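For reference, the structure is listed below as C-alpha cells.
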Amino acid sequence: MKLATLSEVNAERTARRPVVVITDVANGEQRIVKAADIAADPLGADLARQLRMGKSGMIEAGGKKLFLNVYAPTARLVIIGAVHISQALVPLARSLDYDVVVVDPRTAFASPERFPDVPLFADWPDVALPPLKVDHYTAFAALTHDPKIDDPALLHAFERDCFYIGALGSRKTHAKRGERLKAQGASDADIARIHAPIGLAIGAVSPSEIAVAIMAEITATLRLPKERAA
C-alpha cells in the first residue's frame with residue numbers, strides 16, 4: 001500500500017468513518033472508496049455487502065479479480081441504565097467485540113461492583129454522552145424505564161444517527177414516550193427508528209433472555225440489508 005493511500009485510510013479510521021481499499025490482484029493497482037461514495041460507485045453493491053459484514057474479501061468484476069479490504073470502525077454499544085438486563089447484556093456484547101459503556105446517574109445502580117471492568121458513567125445523559133462521541137457505528141439501548149434518563153439519551157441518539165436505537169417498555173409505554181419526545185423536538189422519523197419493545201420477539205422473560213433478544217436485534221440491524229432487518 002502506498003504511503004498516500006495508507007495516510008488516507010488512517011485519517012478515515014481515526015474519524016471512525018469506514019473505508020474500502022480496492023486492489024486489482026493482477027497488477028496491484030489500488031483505489032479507495034469512502035463510505036459516503038459507496039452508493040455511487042460501480043461496485044456499490046459489493047462494497048456495501050462487504051462493509052455490512054465487516055469483512056474483507058475477493059470479488060470478480062469486469063473480468064478482473066479484486067480484493068476488497070474493509071476498514072470499519074469497531075461497533076460500540078451505549079447502555080442507558082445500570083439494570084439487571086444490562087448486567088447480562090454487557091458480557092454478551094463484549095463477547096461480540098463491541099466496545100461497551102454504561103450510563104446511569106443512579107449511583108446505587110451504577111457501581112463498579114455490579115459492572116466490573118466496564119466504563120461506567122454515573123452522570124445524567126446530557127453530561128455523560130457528549131464526551132463519548134456517539135456516532136453512526138454506535139448501538140444505543142435505553143433500559144431505565146425512567147423518562148428523565150431515557151428521553152434525553154434517546155434525543156442524543158437521534159442527533160448522532162446511531163445505527164441502532166432501542167428502548168425498553170411496552171407498546172403503550174412507547175406510545176407515551178413518542179409523544180414526549182415529539183414535544184421535545186423529535187420527528188416522526190426519529191420515533192420510527194426506535195426498536196420498541198426492544199429486542200427480537202423470541203418470548204424472552206429473564207434478564208439474560210432479554211439481553212439475547214437485544215443483541216440479536218442489534219446484530220440483524222448491523223449485518224442484514226435494511227429491507228430484511230426491518
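Values in this document were obtained by computation on a predicted structure and should not be read as measured data.
Between the Thr219 side chain and the Met215 main chain, a donor and an acceptor come within less than 3.5 Å of each other. The backbone N or O of Ala82 sits less than 3.5 Å from a side-chain atom of Arg114, completing a donor-acceptor pair. Checking side-chain atoms of Arg223 against main-chain N and O of Ile218 turns up no donor-acceptor pair under 3.5 Å. The backbone N or O of Ala110 sits nowhere less than 3.5 Å from a side-chain atom of Thr107 that would complete a donor-acceptor pair.
Of all heavy-atom pairs between Asp150 and Ile80, the closest is OD1-CG2, 3.7 Å. Contact record, Glu8 with Ile32: OE1-CD1, 3.6 Å, taken as the closest heavy-atom pair. The nearest pair of heavy atoms linking Pro125 to Ile149 is CG-O, 3.3 Å. Taking both residues in full, the closest heavy atoms of Ala72 and Leu51 are given as CB-CD1, 4.0 Å, listed atom of the first, atom of the second, then distance.
The existence of a salt bridge linking Arg94 and Asp117 is excluded, since no basic side-chain nitrogen approaches an acidic carboxylate oxygen closer than 4.0 Å. Taking 4.0 Å as the cut-off between side-chain N and carboxylate O, Arg76 and Asp135 count as a salt-bridged pair. Salt bridge annotation for Lys182-Glu179: present, with a cationic side-chain nitrogen under 4.0 angstrom from a carboxylate oxygen. Residues Asp46 and Arg49 are paired through a salt bridge, judged by an N-O separation under 4.0 Å between the basic side chain and the carboxylate. Salt-bridge check for Asp161 with Arg193: passed, with a basic side-chain N closer than 4.0 Å to an acidic carboxylate O.
Donor-acceptor pairing under 3.5 Å is recorded for the side chains of His174 and Arg177. Using modelled atom types, one finds a donor on one side chain and an acceptor on the other under 3.5 Å when comparing His84 with Gln87. A donor atom on one side chain and an acceptor atom on the other are found under 3.5 Å apart for Glu217 and Tyr164. Under the 3.5 Å distance criterion, with hydrogens and angles disregarded, a donor-acceptor pair is assigned to the side chains of Asn69 and Ser56. If you check the side chains of Thr23 and Gln30, you find a donor sitting under 3.5 Å from an acceptor.
With rounding to the nearest 0.5 angstrom, the CG atom of Leu47 is 6.5 Å from the CD1 atom of Ile59. Remark: Tyr137 OH to Arg160 CZ distance equals 15.0 Å, nearest 0.5 Å.
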